[in-house]
Amino acid sequence: MRYMMFVTLPVGNDYENGAMPSPELVERMTRFNEEMVQAGVMLSGEGLHPTSKGARIQTRNGKRVVTDGPYAESREVIGGFWMIQVNSKEEAIDWAKRVPDEEAIIELRQIFDLEDFPEDVQKAAESPILKEHQLAGNK
């Protein structure tokens with residue numbers, strides 16, 4: 001089963017002001033990433049720029065509305081993520097508990113696989129293009 005591990009940071013954290021992580025934190029994160037790669041569980045992982053460099057696109061009354069960051073109403077922001085492949089939710093939790101960033105909240109969310117859906121939904125999701133690129137749960 002695949003999980004996304006989101007690194008969530010409180011707004012007001014220096015991250016939103018563009019502060020870079022310390023070399024010590026980067027070293028600890030690198031060792032953590034290496035452990036996950038060596039264990040065969042890390043599929044991908046990246047840090048994200050602050051919301052001030054992003055945008056939100058919402059649909060309101062059938063129209064797309066674009067709002068540039070930062071977002072005043074947010075109390076937390078996603079600072080990065082890992083995608084991992086593990087055998088159980090418990091194993092995912094074990095990895096999340098080892099994330100070396102003491103300020104972060106780690107949120108785990110299981111990723112849907114096509115097999116998780118009823119047969120009619122699986123059929124509706126069939127796409128040779130996505131299957132070729134192993135997207136949308138097509139493995």
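Since the model is a prediction, treat every value here as computed from it, not as a measurement. The first residue of the sequence shown is numbered 1, and numbering continues consecutively from there.
- With a 6.0 Å radius and a threshold of 12 heavy atoms from other residues, nucleotides or ligands, Q58 has its CD atom above the threshold.
- Of all non-hydrogen atoms in I111 and D116, the two that sit nearest each other are O-OD2, 4.1 Å.
- Between G79 and L9 the shortest heavy-atom distance is CA-CD1, 4.2 Å.
- Residues L25 and I105 do not share a hydrophobic cluster, defined by chaining ILVMFWY side chains whose heavy atoms lie under 4.5 Å apart.
- Considering all non-hydrogen atoms of both residues, W82 and V7 come closest at CZ3-CG2, 3.3 Å.
- One finds the CZ atom of R28 at 6.0 Å from the OG atom of S22 (value rounded to the nearest 0.5 Å).
- Between A96 and I106, the shortest heavy-atom contact is CB-CG2, 3.7 Å.
- V65 is not listed as a side-chain neighbour of R56, based on a closest heavy-atom distance of 4.5 Å or more.
- Taking CD of Q85 as the reference point, atom OG of S44 lies at 11.0 Å (rounded to 0.5 Å).
- Between the CZ atom of R31 and the CE atom of M29 there is a distance of 11.5 Å, given to the nearest 0.5 Å.
- Residue K53 holds its NZ atom at 12.0 Å from CG of L48, rounded to the nearest 0.5 Å.
- Interatomic distance, I93 CD1 to R98 CZ, rounded to the nearest 0.5 Å: 14.5 Å.
- Side-chain heavy-atom separations under 4.5 angstrom define the hydrophobic clusters, and V26 shares its cluster with no other residue.
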Practice problem: Please test I84 against M5 for side-chain contact (heavy atoms from CB on, under 4.5 Å), starting from the C-alpha separation and ending with a verdict. | Solution: CA-CA 8 Å; I84 60 173; M5 290 195 318; 4.0 Å; yes

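- Partners of E90 under the side chain to side chain donor-acceptor pair (under 3.5 Å) rule, at least two apart in sequence or in another chain, do not exist in this structure.
- The closest side-chain heavy-atom distance from K89 to Q110 is not below 4.5 Å.
- Annotation for N33 and M42: closest pair O-SD, 3.8 Å, computed over non-hydrogen atoms.
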Quiz item: Between R60 and K63, does a side-chain contact (heavy atoms from CB on, under 4.5 Å) hold up when you go through it step by step?
Solution: CA-CA 5 Å; R60 291 188 190 142; K63 295 184 181 185; 5.9 Å; no

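- Taking both residues in full, the closest heavy atoms of D68 and A55 are given as OD1-CB, 3.9 Å, listed atom of the first, atom of the second, then distance.
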